[in-house]
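Whatever order the structure lists ligands and atoms in, that order sets their numbers, starting from 1. All of these numbers come straight from a predicted model, not from anything done at the bench.
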Amino acid sequence: MLRPDSTIYEALGGDQAIRRLVETFYPKVKVHPLIGPLFPEDIDPVIEKQYMFLSQFFGGPQLYSDEYGHPMMRARHMPFPITRDHADAWLSCMAGALEELDIDPDLSHFVLQRLSGPAYHFVNTGNEEE
Ligand code: HEM
């Protein structure tokens with residue numbers, strides 16, 4: 001569980017836990033019919049960047065900013081058409097990864113809440129049928 005005075009980073013288990021989460025998440029993304037095709041064949045560099053980004057996003061060391069400067073994540077996602085369905089799919093892959101790693105359900109719920117902010121913020125186009 002998440003104590004009021006701890007970060008998500010600590011609650012999940014720190015550096016290696018974030019790495020494990022990201023390494024469990026991307027195989028699900030890759031095989032997802034909607035969002036998988038947006039990602040490059042070689043997913044390893046994406047895994048590395050996401051590990052660095054989520055470490056800092058969850059309150060751990062500023063690995064991503066130290067290497068790449070200001071994240072500007074919405075701008076970095078602009079080259080890709082992202083609809084609400086894409087955001088839902090991304091979050092469902094993350095939910096699957098948290099479940100696979102047996103993360104406490106309350107903590108998982110909190111993590112997904114934190115990620116849904118940026119996920120829906122990155123939506124930059126409507127669904128086809130809209
Ligand atoms: C809303 C659904 C999302 C989609 C469809 C999506 C898709 C993508 C794609 C296609 C890339 C580029 C991969 C490449 O070619 O290198 C990317 C990069 C990245 N995404 Fe997302 N993403 C989503 C949400 C998120 C969220 C919620 C976060 C974190 C809170 C995130 C963090 C990142 C990071 C850190 C990178 C690497 C940026 C870099 O190149 O430095 N993404 N994403």
Any side-chain donor paired with an acceptor under 3.5 Å for Asp15 and Tyr51?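 There is such a pair (donor and acceptor under 3.5 Å, judged by atom type) between the side chains of Asp15 and Tyr51.
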In terms of residue, atom name and distance, what is the protein heavy atom nearest to [atom]?
{"atom": "atom 31 (C) of ligand 1", "answer": "Gln50 NE2, 3.5 Å"}
{"atom": "atom 3 (C) of ligand 1", "answer": "Trp90 CD1, 3.3 Å"}
{"atom": "atom 30 (C) of ligand 1", "answer": "Phe53 CE2, 3.6 Å"}
{"atom": "atom 15 (O) of ligand 1", "answer": "Pro40 CD, 3.5 Å"}
{"atom": "atom 16 (O) of ligand 1", "answer": "Val46 CG2, 3.7 Å"}

Which ligand 1 atoms are under 4.0 Å away from a heavy-atom of [X]?
{"X": "Ala87", "answer": "1 (C), 2 (C)"}
{"X": "Tyr64", "answer": "38 (C), 39 (C), 41 (O)"}
{"X": "Ala119", "answer": "1 (C), 27 (C)"}

Against the six-membered ring of Phe57, is Arg114 placed for a cation-pi contact (under 6.0 Å from the centre, within 45° of the normal)?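 Verdict for Phe57: a cation-pi partner in Arg114.
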So is Lys49 actually on top of Tyr68's ring, under 6.0 Å and inside 45° of the axis?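 Positive - Lys49 is close enough to the ring of Tyr68 and near enough to its axis.
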Candidate list Leu107, Leu21, Thr24, test side-chain contact (heavy atoms from CB on, under 4.5 Å), partner Leu98, passing option: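 In the set Leu107, Leu21, Thr24, the residue that makes a side-chain contact (heavy atoms from CB on, under 4.5 Å) with Leu98 is Leu21.
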Using the rule given for ring-ring contact (aromatic ring centres under 6.0 Å, His included), can you reason through Phe25 versus Trp90, listing the C-alpha separation, both sets of side-chain angles and the distance that settles it, and then say yes or no? CA-CA 9 Å; Phe25 169 67; Trp90 194 100; 4.8 Å; yes
Using a 4.0 Å heavy-atom threshold (strictly under), name the region of Leu38 that reaches ligand 1: side chain, backbone, both or neither.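 Both parts.
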Ligand 1 contact on Phe57 by region, counting heavy-atom pairs under 4.0 Å: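 Answer for Phe57: neither.
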Polar contact flag for Lys49 and ligand 1 (N/O pairs, less than 3.5 Å):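 Among all N and O atoms of Lys49, at least one is under 3.5 Å from an N or O of ligand 1.
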Could you walk me through whether Phe53 and Leu63 pass side chain to side chain contact (heavy atoms under 4.5 Å, CB included), step by step? CA-CA 7 Å; Phe53 181 78; Leu63 303 178; over 6 Å; no
Please check: side-chain N/O of Arg76 versus main-chain N/O of Pro71, any donor-acceptor pairing under 3.5 Å?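 Judged by distance alone, yes, a pair lies under 3.5 Å.
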Proximal candidate to atom 8 (C) of ligand 1 [heavy atom criterion; set Phe39, Phe80, Tyr51]: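 Answer by nearest heavy atom: Phe39.
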For atom 18 (C) of ligand 1, which of Arg76, His77, Met73 has the closest heavy atom?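 The nearest heavy atom belongs to His77.
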Could you check whether atom CD of Glu99 has more than 12 heavy atoms from other residues, nucleotides or ligands sitting under 6.0 Å from it?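 Incorrect, the count does not exceed 12.
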Do Lys28 and Glu100 sit within salt-bridge range, that is, some charged N less than 4.0 Å from a carboxylate O?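 Yes.
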